[in-house]
Amino acid sequence: MNYYVTTSIPYVNGDPHIGHALELVMADVLARAARKQNKPTIFSTGSAEHGSKIAEKAAGLKLTPKALAAQQSQKFRDLGKLLNISNDRFIRTTDAGHEQRAAIIWKQLEKDIYKSKYIGLYCTGCEAFVTEAVAKENNNECPHHKKPYERVEEENYFFKLSAYSEQIRAAIQAGTFEVIPQTRRNEILAVILDGLDDISVSRPVSKISWGIPVPGDKTQVMYVWFEALMNYLTVLGYPEHEDYKKFWPANVQVIGKDINRFHAAIWPGMLLGMGLPLPEKLYVHGFVNIDGGKMSKSLGNVVGPNEIVKKYSADVFRYYMLRHIPSYEDGDFSWELLENAYNN
């Protein structure tokens with residue numbers, strides 16, 4: 001029985017933080033357990049490297065987007081080494097293989113892709129479009145980046161996600177596509193119950209050139225979120241490689257709660273559009289707070305995994321993350337909590 005486990009692939013516009021480390025350790029434990037049972041195992045992680053955030057940050061640092069992406073991607077590789085993570089693969093969305101295979105996937109989804117005008121709200125920080133309803137709920141400001149949403153008007157390609165609402169809902173309810181924990185399952189079912197909207201899957205090159213070109217249309221690049229999701233297939237050499245044939249569907253995909261909608265609605269829609277089986281399980285973890293509050297650069301309370309490992313060790317870090325951070329809820333880190341756990 002083969003075993004395939006993935007983490008989400010973090011954006012390289014920021015440095016690795018405790019949340020990234022938690023996810024790596026969780027997936028690592030699943031991979032090690034599978035290997036102990038003598039299951040042939042692939043454990044994959046990586047980095048998402050396209051999009052306007054990377055391009056903007058690179059311009060500010062007087063670097064090319066490619067140079068910045070390479071520099072930042074290496075930090076995520078180093079985090080894996082630091083924490084003794086046993087991943088078999090590390091995929092970068094700027095890898096030539098990923099770009100070629102993403103174009104193949106786009107072509108396979110073309111029957112569900114159409115061009116239309118998009119008028120709506122966008123958060124550059126999240127690289128995400130939001131509906132009027134979501135914007136209203138958040139007083140027209142992104143809760144993560146504390147910046148007002150931008151009103152965008154452009155011609156993009158759209159994916160007919162609405163066509164798959166019913167199938168996705170049925171798979172989640174039947175448990176053939178299991179979303180864990182129950183709270184996240186209920187949350188996504190509530191979203192699907194309202195009916196899924198078609199989603200924008202490209203951006204004009206005139207607005208953003210740092211991306212994978214849309215096959216057959218040089219004026220558009222694939223929307224970063226859309227092509228980043230494809231990494232779970234491209235890393236296996238989809239469609240022709242033996243690894244893909246032996247290891248898909250994934251047994252477990254480990255992600256953070258802030259990207260539940262992308263992985264529990266958009267990703268299954270894409271797979272159904274290609275006629276592929278859905279992953280068996282989507283495991284959604286919470287956030288790690290610092291001293292009871294949200295970690296943020298502006299508050300100056302960001303604690304890097306490096307500091308913790310330097311002071312204690314990778315094993316102590318791994319133990320704390322798995323034993324003292326709840327599996328299904330947000331958890332808390334402070335030096336005092338770590339010291340108490342360690343001494344006890």
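All values below were derived from every heavy atom in this structure, side-chain atoms included, with hydrogens, water molecules and symmetry-related copies excluded.
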Inset, instruction - Apply the test side-chain contact (heavy atoms from CB on, under 4.5 Å) to residues V252 and E280: give CA-CA distance (whole Å), side-chain angles for both, the deciding distance (0.1 Å), then the verdict. - result: CA-CA 6 Å; V252 185; E280 288 173 15; over 6 Å; no
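- Applying the 6.0 Å contact sphere to OH of Y114 captures more than 12 heavy atoms from other residues, nucleotides or ligands.
- Under 4.0 Å is where a charged nitrogen must lie from a carboxylate oxygen, and between K117 and E154 no such pair does.
- To the nearest 0.5 Å, the span separating CD1 on I212 from CD on Q100 amounts to 10.0 Å.
- When all heavy atoms of D291 and S334 are compared, the pair lying nearest together is OD1-CB, 2.8 Å.
- Look at E339 and K311 and you find a salt bridge, because one of the NZ, NE, NH1 or NH2 atoms lies within 4.0 Å of a carboxylate O, short of that distance.
- One hydrophobic cluster, built from ILVMFWY side chains closer than 4.5 Å, holds both V191 and F159.
- Of the charged side-chain nitrogens involved, at least one lies within less than 4.0 Å of a carboxylate oxygen, so that E187 and R184 count as a salt-bridged pair.
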Legend entry - Check against side-chain contact (heavy atoms from CB on, under 4.5 Å), R89 and F43: CA-CA 6 Å; R89 307 275 161 90; F43 164 22; over 6 Å; no
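- A pairwise comparison of heavy atoms in S165 and I192 identifies O-CG2, 3.5 Å as the closest pair.
- Annotation: the span from L109 atom CG to K107 atom NZ amounts to 11.5 Å, rounded to 0.5 Å.
- A pairwise comparison of heavy atoms in A21 and P305 identifies CB-CG, 4.0 Å as the closest pair.
- H50 pairs with exactly one of V221, T94, V12 by the side chain to side chain contact (heavy atoms under 4.5 Å, CB included) rule, that one being T94.
- Of the charged side-chain nitrogens involved, at least one lies within less than 4.0 Å of a carboxylate oxygen, so that R35 and D88 count as a salt-bridged pair.
- Looking only at distances, a side-chain donor or acceptor of N251 sits under 3.5 Å from a matching main-chain atom of Y4.
- Of the N and O atoms on the side chains of E49 and S47, at least one donor lies less than 3.5 Å from an acceptor on the other residue.
- Heavy-atom contacts from other residues, nucleotides or ligands closer than 6.0 Å to NZ of K246 number 12 or fewer.
- Grouping the Ile, Leu, Val, Met, Phe, Trp and Tyr side chains by contacts below 4.5 angstrom, directly or via other members, places V29 with M26.
- Between S202 and W106, the closest side-chain pair of non-hydrogen atoms falls below 4.5 Å.
- Expressed to the nearest 0.5 Å, how far CE of M222 lies from OG1 of T93 amounts to 11.5 Å.
- No side-chain heavy atom of F158 sits under 4.5 Å from any side-chain heavy atom of V201.
- Under a hydrophobic clustering in which Ile, Leu, Val, Met, Phe, Trp and Tyr are joined whenever their side-chain heavy atoms come within less than 4.5 Å, directly or via other members, M274 and V214 fall into the same cluster.
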Inset, instruction - Any chance you could lay out the salt bridge (charged side-chain N to carboxylate O under 4.0 Å, His left out) test for E240 and R101, step after step, and finish with the verdict? - result: CA-CA 10 Å; E240 82 293 348; R101 293 173 193 284; 2.8 Å; yes
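- Rounded to the nearest 0.5 angstrom, I9 CD1 and S73 OG are separated by 9.5 Å.
- Side-chain atoms of F247 and P40, non-hydrogen and from C-beta on, do get closer than 4.5 Å to each other.
- Judged by distance alone, the side chain of Q220 and the main-chain N or O of E155 form a donor-acceptor pair under 3.5 Å.
- Counting all heavy atoms, side chain and backbone alike, A103 lies closest to P215 at O-CG, 3.8 Å.
- Side-chain contact check for I119 versus V152: every heavy-atom pair is 4.5 Å or farther apart.
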Inset, instruction - Check the pair L322, V25 against side-chain contact (heavy atoms from CB on, under 4.5 Å), reporting the backbone distance first and the verdict last. - result: CA-CA 8 Å; L322 293 166; V25 172; 3.7 Å; yes
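- At most 12 heavy atoms of other shown residues, nucleotides or ligands fall within 6.0 angstrom of atom NZ in K66.
- Taking the six-membered ring for Trp, F262 and W267 have ring centres at least 6.0 Å apart.
- At a threshold of 4.0 Å, the pair K310-E307 does not count as salt-bridged, since none of the basic side-chain nitrogens sits closer than that to a carboxylate oxygen.
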Inset, instruction - Give the intermediate values and the outcome of side-chain contact (heavy atoms from CB on, under 4.5 Å) for residues V316 and L338. - result: CA-CA 9 Å; V316 171; L338 176 62; 3.9 Å; yes
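- Ion pairing of R92 with E99 is absent here, as no side-chain N (NZ or NE/NH1/NH2) approaches a carboxylate O to less than 4.0 Å.
- Listed here is the closest heavy atom pair of H324 and A341: NE2-CB, 3.5 Å.
- Formation of a donor-acceptor pair under 3.5 Å by the R318 side chain with backbone atoms of N84 is found in this model.
- Put simply, the side chain of K62 never gets that close to the backbone of A59: no donor and acceptor are under 3.5 Å apart.
- Between Y149 and E141 the shortest side-chain heavy-atom distance does not fall below 4.5 Å.
- Y232 and W248 have their aromatic ring centers separated by at least 6.0 angstrom.
- Expressed to the nearest 0.5 Å, how far CD1 of I266 lies from CG of L196 amounts to 8.5 Å.
- Under the 30°/60° scheme for interplanar angles, the aromatic rings of F333 and Y320 are found to stand perpendicular.
- In this structure, I180 and L282 have side chains that are not in contact, with every pair of non-hydrogen atoms separated by 4.5 Å or more.
- Of the N and O atoms on the side chains of Y238 and D243, not one donor lies less than 3.5 Å from an acceptor on the other residue.
- A side-chain donor-acceptor contact under 3.5 Å links T41 to the backbone of K39.
- Listed by first and then second residue, the ring-ring contact (aromatic ring centres under 6.0 Å, His included) pairs that reach into residues 164-184 come to none, sequence neighbours excluded.
- The side chain to side chain contact (heavy atoms under 4.5 Å, CB included) test with Q253 is passed by exactly one of V284, V5, T6: T6.
- Within 6.0 Å of atom CD in E336, 12 or fewer heavy atoms from other residues, nucleotides or ligands are found, so the atom counts as exposed in its surroundings.
- Considering only heavy atoms from C-beta on, D258 comes within 4.5 Å of F287 through its side chain.
- When all heavy atoms of D112 and G273 are compared, the closest pair comes out as OD2-CA, 3.9 Å.
- Tested against T45, the residues T7, D28, N87, N231 include a single side chain to side chain donor-acceptor pair (under 3.5 Å) partner, T7.
- A side-chain donor-acceptor contact under 3.5 Å links T219 and D217.
- Taking the centre of each ring, Y328 and H285 stay at or above the 6.0 Å mark.
- Counting only N and O atoms by type, the side chains of T234 and H98 include a donor and acceptor under 3.5 Å apart.
- Y319 and L22 are not part of a single hydrophobic cluster, where members link through side-chain heavy atoms under 4.5 Å apart.
- Atom CG in D15 sits 11.0 Å away from atom CG in D78 (nearest 0.5 Å).
- Residues I208 and I54 do not share a hydrophobic cluster, clusters being chains of Ile/Leu/Val/Met/Phe/Trp/Tyr side chains in contact below 4.5 Å.
- Using a 4.0 Å cut-off between a side-chain N of Lys or Arg and a carboxylate O of Asp or Glu, K160 and D198 do not qualify as a salt bridge.
- Between H20 and E23 the shortest side-chain heavy-atom distance does not fall below 4.5 Å.
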